Amino acid sequence: MLFFSKNRAKHVLDEGAAKLDDATLQKTLSNRQRIINKVMNSDSLAPYLSQVGTLFNLVQDYVKGEYREVPWWSLGSITTALLYILMPMDALPDFVPIAGFLDDAVVLKLCLDMVAKDLESYRLQKQIKTESRADASADDILE
């Protein structure tokens, strides 16, 4: 990681979070499949596939208005990390053997660490909603 430090990754996330707007949210969602494909095909990113799915779900729920409890900075960091994965000419160009996706992984991992509490709150809220729906469906069946 000599070429790309945790401090550099934080700088990337901070800059992206400061520039967040509705267009960036839409751009992130419209590139969902491309980003997921890149994650699945990269040895350094593939371990984060599940978390990437959760990040996309959070952004989607925010845009739909179904979940608004996430801080704006966290949302900005999430979209920055996801879109950073698509950038072929970032700090370490993706075509560089082995190292090309390491900076992507550093940015993504740092983002996941920094928004961990927000992600946990989101997961908990989704779980509560799912359980409430299941309870309501069970009540309908029993009636």
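Source: prediction; values computed, not measured. Here, residue 1 is the first one in the sequence, and each next residue gets the next number.
We find the CE-NZ distance between Met114 and Lys109 to be 12.0 Å, quoted to the nearest 0.5 Å. Rounded to the nearest 0.5 angstrom, Leu83 CG and Ile78 CD1 are separated by 12.0 Å. In this structure, OG1 in Thr54 is found 10.0 Å from CD in Glu120, a value given to the nearest 0.5 Å. Summarising the geometry, atom CG belonging to Leu82 is positioned 11.0 Å from atom CG belonging to Asp104; distances are rounded to the nearest 0.5 Å. Interatomic distance, Thr79 OG1 to Gln26 CD, rounded to the nearest 0.5 Å: 11.5 Å. Here the CD-CZ distance, from Gln33 to Phe56, works out to 9.0 Å after rounding to the nearest 0.5 Å.
For the pair Thr28 and Arg32, the minimum side-chain heavy-atom distance is 4.5 Å or more. Side chains of Tyr84 and Leu13 form no contact here, defined as non-hydrogen atoms less than 4.5 Å apart. Between Tyr122 and Asn57 the shortest side-chain heavy-atom distance falls below 4.5 Å. At a threshold of 4.5 Å between non-hydrogen side-chain atoms, the residues Tyr62 and Gln60 do not count as touching. Annotation: side chain of Ile85 is not in contact with side chain of Val107 (no heavy-atom distance under 4.5 Å). Side-chain contact check for Val70 versus Val115: every heavy-atom pair is 4.5 Å or farther apart. Residues Trp73 and Asp14 are in side-chain contact: their nearest non-hydrogen atoms beyond the backbone lie under 4.5 Å apart. Counting heavy atoms from C-beta outward, Lys19 and Thr24 have side chains that stay 4.5 Å or more apart.
Among Leu55, Val63, Leu58, Thr80, the one residue that satisfies the side chain to side chain contact (heavy atoms under 4.5 Å, CB included) test with Leu75 is Leu58.
For the residue pair Asn37 and Arg34, no side-chain donor N or O sits within less than 3.5 Å of a side-chain acceptor on the partner.
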Could you go through the side chain to side chain contact (heavy atoms under 4.5 Å, CB included) check for Leu25 and Asp22 one step at a time?
CA-CA 5 Å; Leu25 292 170; Asp22 289 338; 3.9 Å; yes
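The two residues Gly65 and Arg68 make their nearest non-hydrogen contact at CA-NE, 3.6 Å. Across all non-hydrogen atoms, the minimal contact from Cys111 to Ser77 is SG-O, 3.5 Å. Between Gln51 and Arg123, the closest heavy-atom pair is CG-NH2, 4.3 Å.
Between the side chain of Ser42 and the backbone N or O of Val39, no donor-acceptor pair lies under 3.5 Å.
Here Lys126 pairs with Asp61 under the salt bridge (Lys or Arg N to Asp or Glu O under 4.0 Å) rule; sequence neighbours left out.
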